[in-house]
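First up is the structure itself, then whatever we jot down about it.
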Amino acid sequence: MKNVNSLRSTLDSMRNDDSEYKQMFDRSVILCKKHDIAIPDSNSRKVSTRLDSNSPNQAFFNTKFDELKITVFYPLLDKLLSGIDLRFKQDTFDLVDAIACMLNMNLTQKTTKILSTFSKVSEDELITELKLLKNYENAMQLNGASSKSIYEWIDWLKTTGNSTVYTCVFKTLKMFTIIPVTSCTCERVFSKLTIVKNKLRSTMSQERLESLLLLFTEQEIVSKVDLNAVIDEFNSMGLKEDVIEYIKNYASCQKGKVTNKKVRQPMVITSTSSEPIEKLSLDIVSSLVTTLSGNTYILTLQCDLTKYSMGIPIPNHQASTIAEAFVLHLLVDMFLLQVVDMFLLQVVDMVLLNLVDYDIV
């Protein structure tokens, strides 16, 4: 907290004293001249004579020095100061000092009241639990009161089962970890959320999202991880068989499986068809979108001689469904075509006979 107070005092002195800004401005001018960068003049605007008849124009700032100081330097300092005041209030300072006293087992009446008000626990119970912890035989001996030591205390209370015994201390420490001063990591995770969960990753599971956020947030640690060591670790765990079994039983993996294995049929001598529909080739097209009629597959037929092709939509690829579609759409259609052909031939014969009788032909 001393560092925060020092930072705020430094910003206040820069806000009240123009010497810091003058040095920054002079260094910027020297840098611009060194690299042949033109420094623009101060902005001005025209003012209507109805508003001011004495002056045809008005300059907001006399020099670029004043313009940048008022429009850039001061607003930036004010924003930094307001952000520090918002995050590090006096109540927060008192709370941090009280937590430090509690971890050092040196509570006073003032710090006890601050902690009991913050975590809404009894002052007497909190003091009693700290006295017991102070005389605990295997209690943790920590140096200082950093954020790391707070998490170590919480882990120790949970792993030893003492979180149900020292409830006031455990509740106070746990609530302290979620105040804005100590939750920078959580805020950083939320800022990364929109980057990780974009439009292309909108359907991922919660477990995968948490893993990706952890990797993205802790990039400094991840960059030091040896990928070969990770592969060897998983290999030593014997997970290969489990992964293969999981993929075999997972429907989505099997549905999108791509196999490069080619099954070759033995070459045999085939005879060429002499009449239409003497020999037919049948096949099924699968993995299609289900239509409104409930059809998901297509039964394809092709005549070996004429290469006449036909596609018949079917709901499934069972043998009974394929046989029914074959009979209804092929044999019936072909029978009707033959009947129509016979009828047309008879009509043509009758017309020709009539034409012969009338000596037209």
Side-chain angles (χ1 to χ4, degrees), residues 196-209 211-212 234 238-358 360-361:
V196 174
K197 191 174 182 180
N198 53 25
K199 293 181 179 179
L200 299 179
R201 302 193 189 101
S202 58
T203 58
M204 71 174 69
S205 61
Q206 183 66 27
E207 183 179 359
R208 176 177 171 81
L209 176 61
S211 301
L212 291 177
F234 275 91
L239 297 177
K240 183 177 180 180
E241 292 76 10
D242 296 337
V243 172
I244 295 175
E245 188 66 24
Y246 177 79
I247 294 175
K248 287 182 178 179
N249 298 328
Y250 196 59
S252 299
C253 294
Q254 294 298 320
K255 184 177 180 180
K257 181 179 179 181
V258 177
T259 176
N260 296 325
K261 185 177 179 180
K262 297 181 180 179
V263 180
R264 296 185 178 181
Q265 296 295 333
M267 299 182 65
V268 295
I269 300 175
T270 59
S271 58
T272 305
S273 303
S274 57
E275 295 181 1
I277 317 181
E278 181 181 351
K279 184 182 296 185
L280 295 174
S281 299
L282 282 75
D283 196 3
I284 296 179
V285 182
S286 61
S287 301
L288 302 176
V289 179
T290 304
T291 63
L292 297 177
S293 302
N295 296 315
T296 311
Y297 303 87
I298 297 178
L299 175 63
T300 60
L301 303 96
Q302 187 179 45
C303 178
D304 182 61
L305 180 64
T306 63
K307 304 303 179 184
Y308 172 78
S309 301
M310 179 184 296
I312 305 170
I314 54 178
N316 53 63
H317 56 291
Q318 297 179 359
S320 57
T321 305
I322 297 174
E324 182 180 358
F326 178 77
V327 172
L328 293 179
H329 291 81
L330 181 68
L331 298 183
V332 174
D333 291 349
M334 292 299 103
F335 177 74
L336 293 176
L337 287 175
Q338 291 180 0
V339 172
V340 170
D341 290 341
M342 293 175 60
F343 176 75
L344 291 177
L345 289 174
Q346 292 179 1
V347 171
V348 171
D349 292 341
M350 292 177 61
V351 170
L352 290 176
L353 290 174
N354 292 330
L355 291 177
V356 170
D357 292 340
Y358 289 100
I360 298 177
V361 179

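When all heavy atoms of Ile298 and Gly311 are compared, the pair lying nearest together is CG2-CA, 4.1 Å.
Among residues two or more places apart in sequence or in another chain, the side chain to side chain contact (heavy atoms under 4.5 Å, CB included) test is passed with Ile322 by Ile284, Leu299, Ile314. Residues passing the side chain to side chain donor-acceptor pair (under 3.5 Å) test with Thr296, sequence neighbours excluded: Thr290. By the side chain to side chain donor-acceptor pair (under 3.5 Å) test, Gln206 is found to be paired with Glu210, residues two or more places apart in sequence or in another chain being considered. For Ser211, there are no side chain to side chain contact (heavy atoms under 4.5 Å, CB included) partners two or more places apart in sequence or in a different chain. For Glu324, the side chain to side chain contact (heavy atoms under 4.5 Å, CB included) partners are Leu328, not counting sequence neighbours. With sequence neighbours left out, the side chain to side chain contact (heavy atoms under 4.5 Å, CB included) criterion links Pro313 to Asn295. Considering only residues two or more places apart in sequence or on other chains, Thr306 meets the side chain to side chain donor-acceptor pair (under 3.5 Å) condition with none of them.
Atom-to-atom distance recorded for Gln302:CD and Leu280:CG is 9.5 Å, nearest 0.5 angstrom.
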